[in-house]
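Data first, discussion second: the structure below is written as structure tokens.
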Number of protein chains: 2
Amino acid sequence: MANIKDVAKLANVSVTTVSRVLNNRGYISQETKKSVQDAMNRLQYQPNEVARSLFRRQSYMIGLIIPAVSHPFFAKLTHFIEFYAHLQGYKIVLCNSLMESNKEKDYIEMLKRHQVDGIIMGSHTLEVEDYKEVRLPVVSFDRQIAPKIPYISSDNFTGGIIAAEHLIEKGCKKIAHISGSLALNVLANKRNDGFINTCRKKGLEYCVYETDINVLENDNYEDVINRLFREIPDVDGIFASSDIIAAKVMKKCSELGKRVPDEIKIVGYDDTDIAKYMVPGITTITQPIEAMAKYAVDYVVKQLDEELVPNETVLPVSLTARGTT
Amino acid sequence: MANIKDVAKLANVSVTTVSRVLNNRGYISQETKKSVQDAMNRLQYQPNEVARSLFRRQSYMIGLIIPAVSHPFFAKLTHFIEFYAHLQGYKIVLCNSLMESNKEKDYIEMLKRHQVDGIIMGSHTLEVEDYKEVRLPVVSFDRQIAPKIPYISSDNFTGGIIAAEHLIEKGCKKIAHISGSLALNVLANKRNDGFINTCRKKGLEYCVYETDINVLENDNYEDVINRLFREIPDVDGIFASSDIIAAKVMKKCSELGKRVPDEIKIVGYDDTDIAKYMVPGITTITQPIEAMAKYAVDYVVKQLDEELVPNETVLPVSLTARGTT
DNA sequence: TTGTATGCGTTATCAG
DNA sequence: CTGATAACGCATACAA
């Protein structure tokens, strides 16, 4: 690979001059500019971004730490994060934490050593103090880590309300929420608050079931769902905290011979593609994933530009009605 | 951020000595080693990997170019690629090409400028000559780009055969294949060859429908599916070239009142999660995605170690029978 | 066992 | 308008 020196030699100029045409900086005569460009082309010169990064102490890389890209929600989020990062000239270094806190910690260190310009944090197994030493711009997803770390989430509380209200409107009398682990310090748990609040207000019988911390172990979902149907055989409405759980519930209903939506109604969460694909389509709470991704990238970049960013950014959710209700 | 000089100063040694304890190289007394480590801890020193990369001309980064992580197949593939890369100390820079050839080209250049050690190529809109200038280790997914670029795929031809045979065994008399764009130069198209071969051999009526090049535009899928059912109303078996297409077919069947699998049978491809979630579960051709990911990473690393790698690596597929047949 | 000097490829400063 | 040089943070060859 040719470097700036080779170009300089071939064009009979100094490296400084080559650097100038490379960066369009300073005065330069048209002739030399052209001859330098010719040399670049002949050598197929590509500037070494590692050297540039070292010098300017900026890598144009953003680290993204999530539980797992294989999960549809994070796949979609990652997709848009990469998209908007690319628009602004940033690259994404992908890290799947698998919800293991030591992996999460290692990834943060690794990213720092690699001099990423910022980190988008969507996996949350660490404590607040673990973030003390991270002196990089961080944007958190779906969790309020510390006052100084801006977070982005959708309006989980309202999401829980909408879901519960929808089930109630549709005539459900005995509803359950299948929640993610409430032990986890994430804002998604506010869905449960919204759900419970609404049930209480309307004087409805309700119940909450928690899944494991692990986002990946789907087996655990099935255990929870089995338990739910065993303990509340006459449940007629389920609010599932992800479309995947909703799909699993649908499958169970089919096994049990419960007709959806006639005998039991289901509301999912996220509005990932699976909600559309299922037959019938899953009524779900739509998270504005693309907007969330865009904000995450913007906030990293803005912090780098030393612009002020809001600490809390809560984007609206909405109900997307389909066949399960 | 403290650098090696700061550590040296605090420990009252030279940077060389610090470098030595950092890399466990050369002779060093226990005392100085300890005092250097103390200094490192006190300063929370983290080596700057950008500087290291510049020096050793190796970044431990691998570029991954795919059409879109949001697609379940690529999400799963990406997940495992990152997993195995991390095991070997490599980082993944994620690039979604959206199947736009200029984006694909730009990403390749960008990755080279950033001095990635290798590229895993899962998006294929470019011509062979576009790869002439890529002087990096490349591993291609599902396409034979050039003799010198090793590729990994699963046995698409056999996949097509298995799918067709399964539909025929199950009693289908008039079957169709919904294929990806056959204009694309990818090995997935061999599924179609296997399908057609089998149908001919068994003397069965068959038909092939192609979708667009674009993996993302699902609207197009629906058009194709609509056309299929309009033109062959009595089709009783469909081989869909992805689980997503299969799911869309199921939805259409539900709209048309066609009972699956009684009136029409469906075989998908990939065995992504959606095949499990759908009700009934989708009978599908299982690709060994994890193994494919592992091989891709291994081959990049082996090329870097100047080990020989096979040009063609075709992994076996298998049928996973579920409810749609 | 430890230190000095040099270079990795680039950019900024400053002098011409 | 152009060029020599130092510096970014680190690791190696070579001295001591």
Side-chain angles (χ1 to χ4, degrees), chain A residues 1-37 39-40 43-61 89 109-117 135-136, chain B residues 1-40 43-61 109-117 135-136:
Chain A
M1 283 266 279
N3 63 21
I4 203 171
K5 243 177 185 165
D6 301 321
V7 176
K9 208 171 293 172
L10 186 59
N12 271 316
V13 294
S14 71
V15 291
T16 310
T17 303
V18 177
S19 177
R20 282 205 184 87
V21 350
L22 201 56
N23 299 289
N24 264 322
R25 253 193 278 284
Y27 300 105
I28 222 164
S29 79
Q30 282 307 313
E31 301 175 70
T32 54
K33 182 169 185 174
K34 186 163 175 344
S35 77
V36 167
Q37 284 170 334
M40 283 177 169
L43 295 172
Q44 304 209 59
Y45 170 72
Q46 299 278 77
N48 182 328
E49 292 293 335
V50 169
R52 287 178 148 184
S53 295
L54 179 61
F55 184 85
R56 58 162 111 87
R57 293 184 184 73
Q58 178 166 14
S59 62
Y60 288 102
M61 299 242 179
E109 292 227 320
M110 179 276 277
L111 291 170
K112 284 179 69 175
R113 292 150 79 116
H114 276 271
Q115 313 298 117
V116 298
D117 295 337
R135 294 177 197 302
L136 262 59
Chain B
M1 284 265 280
N3 63 22
I4 201 171
K5 241 177 186 166
D6 300 322
V7 177
K9 209 172 292 172
L10 186 59
N12 271 316
V13 295
S14 73
V15 291
T16 311
T17 304
V18 178
S19 176
R20 282 204 184 88
V21 351
L22 200 58
N23 298 288
N24 263 323
R25 250 192 279 284
Y27 301 106
I28 223 163
S29 80
Q30 282 307 312
E31 301 174 73
T32 53
K33 183 170 185 174
K34 185 164 176 345
S35 76
V36 167
Q37 284 170 334
D38 284 351
M40 283 177 169
L43 294 173
Q44 303 208 60
Y45 170 72
Q46 298 278 76
N48 181 328
E49 291 294 335
V50 170
R52 288 178 145 184
S53 295
L54 179 61
F55 181 84
R56 57 162 113 87
R57 294 184 182 75
Q58 178 166 14
S59 63
Y60 287 103
M61 299 241 178
E109 292 227 320
M110 179 276 278
L111 292 170
K112 285 179 68 176
R113 292 151 78 116
H114 276 271
Q115 313 298 116
V116 298
D117 295 338
R135 294 176 197 299
L136 260 58

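All heavy atoms count here, side chains included; hydrogens, waters and symmetry mates do not.
Whole-Å rounding puts the A/Q115 CD to C/dT10 C1' distance at 16 Å. Atom NZ in B/K5 sits about 12 Å away from atom P in C/dT4, given to the nearest Å. Per the geometry, CG belonging to A/N48 stands 7 Å off P belonging to C/dG9, to the nearest Å.
Between chain B and DNA chain D, the heavy-atom contact criterion of under 4.0 Å yields a 5' to 3' nucleotide range of D/dG9 to D/dA13.
For A/Y45, a side-chain nitrogen or oxygen approaches OP1 or OP2 of C/dT10 to under 4.0 Å.
To the nearest 0.5 Å, atoms CE (A/M61) and CD (A/Q115) are separated by 11.5 Å.
Residues of residues 49-59 of chain B that place a heavy atom closer than 4.0 Å to DNA chain D, in numerical order, are B/A51, B/R52, B/F55. Within residues 17-25 of chain B, the residues having any heavy atom under 4.0 Å from DNA chain C are, by residue number, B/T17, B/R20.
B/Q37 is linked by a side-chain hydrogen bond (donor to acceptor under 3.5 Å, both in side chains) to nothing, counting only residues two or more places apart in sequence or in another chain. Not a single side-chain hydrogen bond (donor to acceptor under 3.5 Å, both in side chains) links A/T16 to another residue, sequence neighbours left out. When the side chain to side chain contact (heavy atoms under 4.5 Å, CB included) test is applied to B/R56, the partners found at least two apart in sequence or on another chain are B/E49, B/R52, B/Q58, B/Y60. Checked against side-chain hydrogen bond (donor to acceptor under 3.5 Å, both in side chains), A/S53 has no partners two or more places apart in sequence or in another chain. Contacts of A/S35 classified as side-chain hydrogen bond (donor to acceptor under 3.5 Å, both in side chains), with partners at least two apart in sequence or in another chain: none.
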Solution key, residues 1-13 of chain A side-chain donor-acceptor pairs under 3.5 Å, sequence neighbours excluded:
residue: A/N3; atom: OD1; partner: A/K5; partner atom: N; Å: 3.0
residue: A/N3; atom: OD1; partner: A/D6; partner atom: N; Å: 3.0
residue: A/D6; atom: OD2; partner: A/N3; partner atom: N; Å: 2.9

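Taking every heavy atom of both residues into account, B/V116 and B/S59 meet most closely at CA-OG, 3.5 Å.
With contacts defined as side-chain heavy-atom distances shorter than 4.5 Å, the pair B/V36/B/R20 does not qualify. Between A/T32 and A/V21 there is no side-chain heavy-atom pair separated by less than 4.5 Å.
Both A/S29 and A/V15 lie near DNA chain D, and the one whose nearest nucleotide falls closer to the 5' end is A/S29.
Comparing the local axis fitted to the first five base pairs of the helix from C/dT1-D/dA16 to C/dG16-D/dC1 with the one fitted to its last five gives a bend of 50°, rounded to 10°.
Sorted by first then second residue, the salt bridge (charged side-chain N to carboxylate O under 4.0 Å, His left out) pairs that include residues 22-37 of chain A, not counting sequence neighbours, are A/K34-A/D38.
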